[in-house]
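Okay, structure first, notes after.
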2 protein chains.
Amino acid sequence: MSKIIDFQINPTKYRHWRVEYNDRIATLFMDVDEEGGLFDGYQLKLNSYDLGVDIELADIVQRMRFEHPEVKAVIMRSGKDNVFCAGANIRMLGGAEHAHKVNFCRFTNETRNTYENAGEDSGQQYICAIKGSCAGGGYELALACNHIILTDDGSSNVSLPEVPLLAVLPGTGGLTRVTDKRKIRRDRADVFCSTEEGARGKKALDWGLVDELVANSKFDEVVAKRAGEFADLSKTQENANGITLEPLKREIGSDGSLTYSAVEVSIDQDAGTATISITGPQDAAPQNIDALRGEGAQTWMLRAARELDDAILHLRFNQTELGVVVFKCSGDPTQVLAHERLLLENKQDWFANEILLYWKRILKRIDLTSRSLVALIEPGSCFAGVLSEILFAVDRSYMADGEFEGDNRPVATITLSESNFGLCPMSNNLTRLETRFLEDQDSLAAAKSAIGKSLEAEDANDLGLVTFALDDLDWDDDVRVFLEERASYSPDALTAMEANLRFAGPETMETRIFGRLTAWQNWVFQRPNAVGEEGALQRYGSGIRGKYDKRRV
Amino acid sequence: MSKIIDFQINPTKYRHWRVEYNDRIATLFMDVDEEGGLFDGYQLKLNSYDLGVDIELADIVQRMRFEHPEVKAVIMRSGKDNVFCAGANIRMLGGAEHAHKVNFCRFTNETRNTYENAGEDSGQQYICAIKGSCAGGGYELALACNHIILTDDGSSNVSLPEVPLLAVLPGTGGLTRVTDKRKIRRDRADVFCSTEEGARGKKALDWGLVDELVANSKFDEVVAKRAGEFADLSKTQENANGITLEPLKREIGSDGSLTYSAVEVSIDQDAGTATISITGPQDAAPQNIDALRGEGAQTWMLRAARELDDAILHLRFNQTELGVVVFKCSGDPTQVLAHERLLLENKQDWFANEILLYWKRILKRIDLTSRSLVALIEPGSCFAGVLSEILFAVDRSYMADGEFEGDNRPVATITLSESNFGLCPMSNNLTRLETRFLEDQDSLAAAKSAIGKSLEAEDANDLGLVTFALDDLDWDDDVRVFLEERASYSPDALTAMEANLRFAGPETMETRIFGRLTAWQNWVFQRPNAVGEEGALQRYGSGIRGKYDKRRV
């Protein structure tokens, strides 16, 4: 798996999904091309999926929000007869390296969360219409929808057969959504999740595994009716006209570096670091919402977001040996705040709102990136508003204190805005500053009262906004020693430590999926009973069951 | 590690701890015998610990509550000069099998939780008095105390050096308590947990790692004073006289079976099952609290609890190939309820209260036992009150419906009592019925209105209290098929599935420790960077650092 995995795609290239737009209702057909696997060595039979299928889905969900804001309900269904979706492709999983499996699950989970939240965030409700077998990852696609309709044809069913069949977990949120979203009684969840054949018909409805059971003859009619009803409930802007998400401009250097328009990524393989540098806006903020719409996908707040998102996904999958991601930025903080302010003042406008929601998603993606994350707040930087939110997503931050000899850029500052106080909740549903100052209301209030102030290092440090403030005598050595030290530690221990320290405070379905469920799945993904030569994943399809070491740990 | 690990111990056998009782204050000296390791191959240097050390600590904490209810504050300190505790013994961890490491961490976590809760539950506050180096598991011992005092001698320190030094996590609650209990800012937690030398003096205090910093010359004086103050705050019964926890009567059969007075454990190695059978009280309940005290540790509610606790711990460590634990009971449900009622009506009495608190702890221990748990509610059983709580701890239950041919025992029933509605919260701080009926208030209310009713299978099933009600035509086959099926699945996948399904609803520090932190630690405990030949655990003490695969997953 050494080819570059590219997250940039557009509808002309889809091989696995079709979308039909019909005014307020979009229908999403999953129709996976068996021969269209991202890697060699497996066929995507029975609408099973790999990362390539999910990259298309993520693209559709994203374009639905920016290019098709008129859509208020999305029907997800199968483009094949007799099968809805067989879940993640087993041969792909069997052949994939541990790191790819883990990264694959994280990305699919993020995509599930994105369309699950599209109803509340953007007024786009996802409805799953199931005909045929809906198994494993297929049922997890359904579980993330807002409403599940199952046909009552005597054979169509839902199931989570991973444990009995494959010796792994339903790892894309299945176990968590069964108990915490659908509130299925835990002993019934135990029965359901340890039964290969799952449930169909009345039992699936009675146990709460689906929301609605419909006679096969009435299926299309009811699905259409329900979609109309969900669309009626949507409170988002009517008659919105989307913008176009043009292809990103990106150059990949021979050393792995990435150059976009507002984002650059430099790579230091020896040091094990990737440095993401964001350039603030070069042009003045659009004057009003019409001007914003005129700029479309080229407006700085959206362009930088798309580029940052792509850079992070690229690093996750294509640069697995870089353990540390360094965030920097440069530019004029007042310009960043001006661009942001236009959006904040026009949140009722679908486009302004979607750009802000996109930043919320990207910041969550940063939280969930299993690299050591550090921010360097250097002279000339523009950590302001939503950009300063990055400082509270990283594991630690270093801020340059005062003037640096021979550096004529402006002294480093941080400027908070209202976007640091509610706009971008983490997976735990707290803001990053609430998580940072857990139950310390005084510190939180002090930070809030500093909104709009250009904070130099001493003030930022006093407010608890940075980890270290360093003058130019200490800066180079301290930062270098930290980066060297971090690179010398076990990546696994760091991944696990960071996963524990980043999400203090309350837990939500999302943190349970990424914390508890993912950690257990990662554990299982290493166990010989799953991935060993005689394990279930390797033996799948051979007709021989996996051979298990019976010891419980 | 094939010798039997025995959790029964008493003060005459302690090798690693000393306790001095002085009226309301007990002082607990950790003074580990280097040569007293539970297994061969390592020395317990620098007050490092293994399971044997923790078994003694668990015994002390338990006896403190039953034998020394007069104690209101417990000082935990080191019996050695220059070192408080170096944490879990690294050579022991390096040599232990994966299953032992996981079981060891779970038991130590349970013990930490037990004394952490002793303040709130029993009015026994634990105070940690640190002189010398307090590292890793040593600092985790301290973190679970209610108050941490550090001497300011210029060298005594606290640290969590696991990640930089050993490539594993501070897995006994350290990462969770640092952020969630002590509310240390997450970037500072990142710095602290990736620094071998930890923190001492003013920094330890300023960062919130300790509660109090005391000049070395005043240390003993301040510790004694603080203990007195905590004791003054205790609201529990004055002048209580403890009872004696006599040694349990236990026979271990050649087939591994266990026979106690009120508990039996039969083993079926081929089927992979252990069956725990609890016998209800043979004698009438004590008439009053004096009679209860007269029975002491022999009173049925305490005797059965101690035997059940020992049986579960024995199975966890000594029978790792048995994947399923079956719970049964037999006896007169009205007798069970009578014994329980005396305790419920005398909760203000320290002894009655402690017996009930012990059941709370045991039920949590059952929740956290990583085997498939099933209850069989057969004719003649006595699942009533706190015994019926077992039905809501297990993964699923089968109830005999009506009379069984040729079986003249009474028809199977379940009787709920007030103890099912608040007395025994799970780690998620909900009762098991609240977790079962998550947000389904109607079902919870219906169950509550059935308190005291002798519920036969149909009623129990209608109320959602059992998974399946089966008549005698189906019973044998259905139960057999289930047990066979369960035994055929991968133990790892089941462990992980059960860990996800058992704890729906809110999360607490406890569930985060056992869910998120433990899962990540288990993952790390399998990674070559920690446990491989060139991993940090194997290389520890060799002078050569671990060699790490740098890929992040």
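The sequence lines fix the lettering, A, B, ..., with proteins before strands; numbering per chain opens at 1.
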Check: What part of B:V168 gets closer than 4.5 Å to chain A, counting heavy atoms only: side chain, backbone, both or neither?
Finding: backbone
Item checked: chain B contact residues among residues 545-553 of chain A, heavy-atom distance under 4.5 Å -> A:R545, A:Y548, A:D549, A:K550, A:R551, A:R552, A:V553
Note to self: What part of A:Q526 gets within 4.5 angstrom of chain B, counting heavy atoms only: side chain, backbone, both, or neither?
What the structure shows: both
Checklist line | B:R527 and A:T495 side chains, donor-acceptor separation under 3.5 Å | finding: no
Next item on the list: Heavy atoms only, distances under 4.5 angstrom: which of A:A167, A:P506, A:S397 has the most pairs with chain B? Name it, please.
Entry: A:A167
Margin query: Does B:D190 form a salt bridge (Lys or Arg N to Asp or Glu O under 4.0 Å) with A:R502? I'd like the steps, not just the answer.
Written below: CA-CA 9 Å; B:D190 180 272; A:R502 286 182 191 168; over 6 Å; no
Note to self: I need the residue from B:G272, B:A499, B:A189 with the largest number of non-hydrogen atom pairs under 4.5 Å to chain A.
What the structure shows: B:A499
Margin query: My understanding is that only residues two or more places apart in sequence, or in another chain, count here; which of them pass side-chain contact (heavy atoms from CB on, under 4.5 Å) with A:A393?
Written below: A:I366, A:D367, A:R432
Notebook entry, point to check: Is it the side chain or the backbone of A:R106 that comes within 4.5 Å of chain B heavy atoms, both, or neither?
Noted result: side chain
Item checked: Closest non-hydrogen atom pair, B:W523 against A:D492 -> CZ3-O, 3.5 Å
Notebook entry, point to check: By a 4.5 Å heavy-atom criterion (distance strictly below it), what part of A:L169 contacts chain B: side chain, backbone, both, or neither?
Noted result: side chain
Note to self: For A:E162, which atoms come within 4.5 Å of any heavy atom of chain B: side chain, backbone, both, or neither?
What the structure shows: neither
Notebook entry, point to check: What part of A:S443 lies closer than 4.5 angstrom to a heavy atom of chain B: side chain, backbone, both or neither?
Noted result: neither
